[in-house]
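Read through the structure below, which is laid out as structure tokens, and then see the notes.
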Amino acid sequence: TDNEMASARAEAISLSVDGAVNVPVGDWADASGIGIGALLEGEMSLIPLLTLTGRVGYIYGMSKDHGGATTQMSHIPVLAGVKYTLVPTIYLAGEAGFVNNRVEVEMDNDGFGGSGSDDDTDLAITLGAGMRMGTLDFRGQLFFPDIDHMDDLMGLLFTVGYKFYEL
């Protein structure tokens, strides 16, 4: 019946909060320190093995000293994606969306002083895998906050999610 279908669909919706650690690699690691942050995630089961996801949050990159200049980067990701379940607790995940990337640079007096900042909203993707254990969700992924510069901007994004609401 229609009521049974609506009830089954409603039971497949959940909200989680993810703690995040981003480890920049390659050229990005030269410009930015490790990032920490949080993401709010919503999920909706489409079929038993496929889940639609959406995440939004903030990742603050630790500042990095370059001998005369200090840089700091932060990111506001807005992503949509899917989780494909391989076995009951293990899944593959992919996301695409937009990330507002902000860079701040501060020169010390030896570098003639001054500061500046720039922010852009860029197309981004993540690719990874995870494991669900009850209300906890552990995920590791490659994080590309700007796909136009994938060779320069790549990080290892690790999240631990806690499901706090399920309908």
When rounded to the nearest 0.5 Å, the distance separating CG of L49 from CG of L92 is 11.5 Å

Nearest 0.5 angstrom please: I147 CD1 to I125 CD1, how far? 6.0 Å

For Y84, does the OH atom sit with more than 12 other heavy atoms under 6.0 Å from it, leaving out its own atoms? no

Minimal heavy-atom distance between A20 and T159, with the atoms involved, is CB-CG2, 3.8 Å

d(S16 OG, R55 CZ) to nearest 0.5 Å is 10.0 Å

Donor-acceptor pair, distance only, cut-off 3.5 Å: does the side chain of Q72 make one with the backbone of G61? yes

Could you point out which residue of D137, T53, T51 forms a side-chain hydrogen bond (donor to acceptor under 3.5 Å, both in side chains) with K83? D137

Measure across P77 and L39 and return the closest heavy-atom pair with its distance rounded to 0.1 Å. CG-CD2, 3.6 Å

Only counting residues at least two apart or in another chain, list the ones meeting salt bridge (charged side-chain N to carboxylate O under 4.0 Å, His left out) with D119. R102

Which distance, rounded to the nearest 0.5 Å, do you find between the CE of M131 and the CZ of R139? 13.5 Å

Distance in Å, T126 OG1 paired with N22 CG, rounded so as to fall on 0.5 Å steps: 11.0 Å

Side-chain heavy-atom pair L127, Q141 within 4.5 angstrom cut-off: no

Applying the 4.5 Å side-chain criterion to the ILVMFWY set and letting contacts propagate, would Y91 and L46 be lumped into a single cluster? no

Under the side chain to side chain contact (heavy atoms under 4.5 Å, CB included) test, residues paired with A31 that sit two or more places apart: none

Below 4.5 Å, heavy atoms only, C-beta onward: do L40 and F164 meet side chain to side chain? yes

Shortest non-hydrogen pair, V99 vs P145, comes out as CB-O, 3.8 Å

Going only through I, L, V, M, F, W and Y residues with side-chain contacts under 4.5 Å, is there a path from V23 to M154? yes

According to side chain to side chain donor-acceptor pair (under 3.5 Å), who are the partners of E106, at least two apart in sequence or on a separate chain? none

Test side-chain contact (heavy atoms from CB on, under 4.5 Å) applied to F143 and L156, step by step: CA-CA 6 Å; F143 176 43; L156 302 174; over 6 Å; no

Any idea how H75 and W28 line up, ring-wise: parallel (<30°), tilted (30 to 60°), or perpendicular (>60°)? perpendicular

Could you give me the CA-CA distance, side-chain angles and deciding distance for M62 and I36, then say whether side-chain contact (heavy atoms from CB on, under 4.5 Å) is met? CA-CA 8 Å; M62 302 297 174; I36 56 171; 3.6 Å; yes

Side-chain heavy atoms under 4.5 angstrom apart, residues restricted to Ile, Leu, Val, Met, Phe, Trp, Tyr: same cluster for L15 and L136? yes

Give me the atom names and distance for the closest heavy-atom approach of P24 to S32. CG-O, 3.7 Å

Under the side chain to side chain contact (heavy atoms under 4.5 Å, CB included) test, which residues partner V160, sequence neighbours left out? F138

Hydrophobic cluster membership, with links at side-chain heavy-atom distances under 4.5 Å among I/L/V/M/F/W/Y: are F158 and F144 in one? yes

When hydrophobic residues are tied together by side-chain contacts of less than 4.5 Å, even through go-betweens, does V21 share a cluster with L142? yes

Side chain to side chain contact (heavy atoms under 4.5 Å, CB included) filter on D146, not counting sequence neighbours, yields N101, D122, D148, H149, L153

Scan residues 149-164 for pairs that pass salt bridge (Lys or Arg N to Asp or Glu O under 4.0 Å), counting only residues two or more places apart or in two chains. K163-E166

